[in-house]
Amino acid sequence: MAMREQDSLEPYEPSDPGYDWDYEPEDHSRNMPNIIWGRVAVLGAVVLLAFLIGRMTAGGGGVPEERLASARNDLRDARAQVTDLETQVQRLEDELAAQPADTGTDTGGDTGGDAEGVGEDEEAPAGKEYTVQAGDTLNTIAIEFYGDAELADYIATANDIADPSLISTGTVIVIPPKP
């Protein structure tokens, strides 16, 4: 063992002082969490982007063709109904404009009539006569003449019909003016 103590070698020291052999790596333990979280964030963004691209390009998603066709048919039918109703409204407005205007001049005196303004000796305004055809009901007649099935009771009252379901083919009824 004595030999080892005498022949000890000294570490090599370069003679150039401008070159640093004593390199110590920087301590990255402080920055390591930032690097890891940055990588996790980038990985999450890539996965999210891949998911979104997959959802947008996947086949079979969306509305089935049968449902889409059914919805388009419903839309077409609804538009046809709107057109029919607009035509009906225009026709009714034209009929209303063609009727003589009520001046509304009331003398304020009693005409000697009942509460509806028609005297006992006076007749109700005459209307059109109509012969009931096969398949007619008061509802269809009201729609034909007034465009409104709710006025079937008005026709029944004007013709003293107690049961509207008992009108028969060939019966002549009076269609009063539209109220």
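Note that the OG1 atom of T137 and the CD1 atom of I155 stand 9.5 Å from one another [nearest 0.5 Å]. In this structure, I141 CD1 and Y146 OH are separated by 10.5 Å, a value rounded to the nearest 0.5 Å. Within the model, atoms CZ of F145 and CD of E95 stand 11.0 Å from one another, a figure rounded to the nearest 0.5 Å. Here I143 contributes atom CD1 and L138 contributes atom CG; the two are 11.5 Å apart, rounded to the nearest 0.5 Å.
A donor-acceptor contact shorter than 3.5 Å is absent between the side chain of T140 and the backbone of D136.
Minimum heavy-atom separation, E129 to V172: OE1-CG1, 4.0 Å. The shortest heavy-atom contact between A142 and A152 is CB-N, 3.7 Å. P179 and Y154 get closest at one heavy-atom pair: CD-CE2, 3.4 Å. In terms of heavy-atom proximity, L92 sits nearest to K178 at CD2-NZ, 3.4 Å.
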Only distances under 3.5 Å count here; give the side-chain donor-acceptor pairs of residues 79-88 to other protein atoms, sequence neighbours excluded, each with its distance to 0.1 Å.
| residue | atom | partner | partner atom | Å |
| --- | --- | --- | --- | --- |
| T83 | OG1 | R79 | O | 2.9 |
| T87 | OG1 | T83 | O | 2.9 |
| Q88 | NE2 | G147 | O | 2.8 |

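Contact annotation: the side chain of I173 approaches that of I161 to within less than 4.5 Å [non-hydrogen atoms, C-beta and beyond]. Counting only heavy atoms from C-beta outward, the side chains of I167 and N159 never approach each other to under 4.5 Å.
In this structure E144 satisfies the salt bridge (Lys or Arg N to Asp or Glu O under 4.0 Å) test with no other residue, sequence neighbours excluded.
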